[in-house]
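Working notes, structure below.
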Amino acid sequence: MTTPLSIPTSEGVTALGGGAPAGLPDVAMLAQLAGEFFAMLPSGTPDARLPFGAPPQPAQTELALGNRAPALAPAAGTPSGAPDEVVDAAPAAGRAGKPALGVPEAHLTELPTHAPPQAPNAPGSPPGGVSSPYYFLGEASSYPSAQPAGKGVAVPEDRVTAQSFGLPGDADLRALLEGLDGGRRSAPPASPSAPAFYFIESDPGDPAPTVAQGAHPPFDVNAVRRDFPILQERVNGKQLIWFDNAATTHKPQAVIDRLAYFYQHENSNIHRAAHELAARATDAYEGARDKVARFLGASSSEEIIFVRGATEGINLIAKTWGWQNVGEGDEIIVSHLEHHANIVPWQQLASAKGAKLRVIPVDDSGQVLLDEYRKLLNDRTKIVSVTQVSNALGTVVPVREIVAMAHRAGAVALVDGAQSVSHMRVDVQELDADFFVFSGHKVFAPTGIGAVYGKRDILENMPPWQGGGNMIADVTFEKTIYHGPPTRFEAGTGNIADAVGLGAAIDYVERIGMENIARYEHDLLVYATRGLLTVPGLTLVGTARDKASVLSFVLKGYKPEEVGTALNEEGIAVRSGHHCAQPILRRFGHEATVRPSLAFYNTCEEVDTLVAVLHRLARR
């Protein structure tokens, strides 16, 4: 027979019911129950009224990745090892034997012997350590692990916790943003069916998915964060919270190691020598081109041109195809959402050729108006150039429809994918885009590298942009014969190492799974939107029903740069300014906004810190 178990408090004795199993002292049972109780608190902090010290905590007590939203759960019947596999929220020590994020498959079985030394006796490390340009297998990295999300960050007492309005689960961003207008918004209630925590673990009895099965490892934000060394940085004494991903993304250790490996073992110019290092460098460079082609769904790697980034890519197209095909009286169409890089080159071309630049308007939510676009198209339209995702508002533009309508009018279509490739899967053949451009540094690759996709038949008929070495087949003083694409457009020594780094970044993203990334970021965006809507005086700028991971806002009583400075004092990096997209901000009556932008290594706990600081500013 057992007796009821009670917890002594300052008010007396509170009966919990039940009893201690035989042989377990009541005091120990009290401590265990108290620990479990505290683990359910949203901040993980003990209640000062109770006479217990710091309770034992589970691996995660905030709604970061392991605390999974129902929307991320696998569909019924999803086989073990499919990309939709449930999140692994087990403690770090329990994941050592699982597949590693960002480890190229070729190095899992055949590891060269020229990598930085690994910490001896690292848990889960293979005997003798791992030697590879990608040597952080599972938990066996020689690099220090990042602190759990948000740990060490000074959190104000008014912190908005995950439990305040947990991830929405089945709530869709479209429903959340439906009907928002003018800042007269109240915070929508959290879904009553969405609990604050989702500790979902993979069945330890399930076999680990293999690369041969085409599966991804379980998506775990804490494992992802450990792959990004810079997330361990401290700013003003606080752990860095990086919400400036639309400007640039950080680089995983896989990319950093790949760059070092190139310079240590492959460094050479390409295509022009018979020696070993030239062969290695050429293989690495052209291998990266193959990866970009696969990443974009191109039909051939010959449709991929390496450039410095999306800006150079658009300029290349404007100054080759555009110069050749646009004449006086012709028309070029862009949207009101465009980055300056997709406006200025076309203005320059129009000015030089006597052509006209026409603009697709947007509605009050920031979405393009397709009916108005249809009215702009005519037989003088030569090219339509639009972004897939707005860098200033996060609007996801219906580019497939825009491309199809351009083709029906006899025009070609360019899609600026600088802000889309890190958030969603892109298939240029499905989009039927004639050109597609993106920047590597927006998709976890080095700066100074990007790519242009162009349909092969179009590239064949385009003149070169720059002249010099590498792009020629034969040169005499009378004439020059050019190579075919893509080499025709890559004059001189290219950015070889960073192209290889771009290939490594694509490996990393594909290893995690773009669908996994997209689902997680979608729910994180909904969560952040709900949090921002609780801040008095905050107005979201751009509330289109289809959005990617950008939140642009103004706060009453503050200039955007003042908000950015205040957030920086708390270690939070956001962009404050016009975001190189002045026309669209002026469309909404602003010269500048504050722009937090999210990536798959961000967490709800980081969002909580952002929202709490904004609440403090609003109260002032």
Side-chain angles (χ1 to χ4, degrees), residues 102-118 129-136 251-295 298 300-309 312-313 316 440-441 445-452 456 459 464-477 479-508:
V103 181
E105 294 84 292
H107 291 280
L108 292 176
T109 56
E110 186 176 343
L111 304 177
T113 56
H114 35 251
Q118 190 177 15
V130 175
S131 295
S132 165
Y134 313 96
Y135 52 89
F136 53 101
K251 320 309 169 195
Q253 193 66 50
V255 171
I256 297 169
D257 288 349
R258 188 63 185 91
L259 289 174
Y261 181 80
F262 176 86
Y263 283 120
Q264 290 170 343
H265 302 285
E266 300 167 333
N267 184 46
S268 172
N269 214 319
I270 57 174
H271 296 152
R272 304 181 203 151
H275 59 72
E276 175 63 23
L277 293 192
R280 292 182 191 175
T282 300
D283 287 347
Y285 184 78
E286 294 302 333
R289 194 191 307 275
D290 292 341
K291 292 175 183 178
V292 173
R294 184 185 69 241
F295 185 60
S300 167
S301 61
E302 293 180 347
E303 296 178 318
I304 303 300
I305 303 163
F306 282 125
V307 288
R308 287 187 302 153
E312 184 170 88
L316 183 156
H441 74 101
T447 56
I449 189 68
V452 171
R456 176 74 193 206
L459 295 180
W465 180 24
Q466 297 174 321
N470 196 53
M471 48 80 70
I472 55 87
D474 186 72
V475 175
T476 68
F477 285 110
K479 69 174 182 178
T480 295
I481 300 173
Y482 306 118
H483 278 309
T487 312
R488 178 187 300 171
F489 304 103
E490 295 179 3
T493 298
N495 190 354
I496 303 168
D498 289 335
V500 175
L502 173 57
I506 289 172
D507 283 340
Y508 183 85

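Note that the structure is a prediction, hence the values are computed from the model and not measured.
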Answer whether the closest heavy-atom distance between the side chains of [X] and [Y] falls below 4.5 Å.
X: Arg456; Y: Ser300; answer: no
X: Asp498; Y: Phe306; answer: no
X: Met471; Y: Thr480; answer: no

[X] versus [Y], closest heavy-atom pair with distance:
X: Asn495; Y: Thr447; value: ND2-O, 4.1 Å
X: Phe489; Y: Leu459; value: CZ-O, 3.8 Å
X: Val255; Y: Ala504; value: CG2-C, 4.0 Å
X: Ala284; Y: Glu266; value: CB-OE1, 4.0 Å
X: Glu303; Y: Ala298; value: OE1-CB, 3.7 Å
X: Ala281; Y: Ser268; value: CB-O, 3.6 Å

To the nearest 0.5 Å, how far apart are [atom1] in [X] and [atom2] in [Y]?
X: Asp474; Y: Lys479; atom1: CG; atom2: NZ; answer: 8.0 Å
X: Ile449; Y: Glu312; atom1: CD1; atom2: CD; answer: 9.0 Å
X: Leu277; Y: Ile270; atom1: CG; atom2: CD1; answer: 13.5 Å
X: Tyr285; Y: Asp283; atom1: OH; atom2: CG; answer: 13.5 Å
X: Arg272; Y: Asn470; atom1: CZ; atom2: CG; answer: 4.5 Å
X: Thr487; Y: Ile472; atom1: OG1; atom2: CD1; answer: 11.0 Å

>> Under a 4.0 Å threshold between the charged nitrogen and the carboxylate oxygen, would Glu302 count as salt-bridged to Arg488?
In response: no
> Using a distance-only test with no angle check, is there a side-chain donor-acceptor pair under 3.5 angstrom linking His483 and Glu490?
Replying inline: no
>> My understanding is that only one of Val292, Ile304, Val307 makes a side chain to side chain contact (heavy atoms under 4.5 Å, CB included) with Val452; could you say which?
In response: Val307
> Are Arg258 and Val500 close enough, and set up right, to give a side-chain contact (heavy atoms from CB on, under 4.5 Å), and what steps lead you there?
Replying inline: CA-CA 7 Å; Arg258 188 63 185 91; Val500 175; 3.4 Å; yes
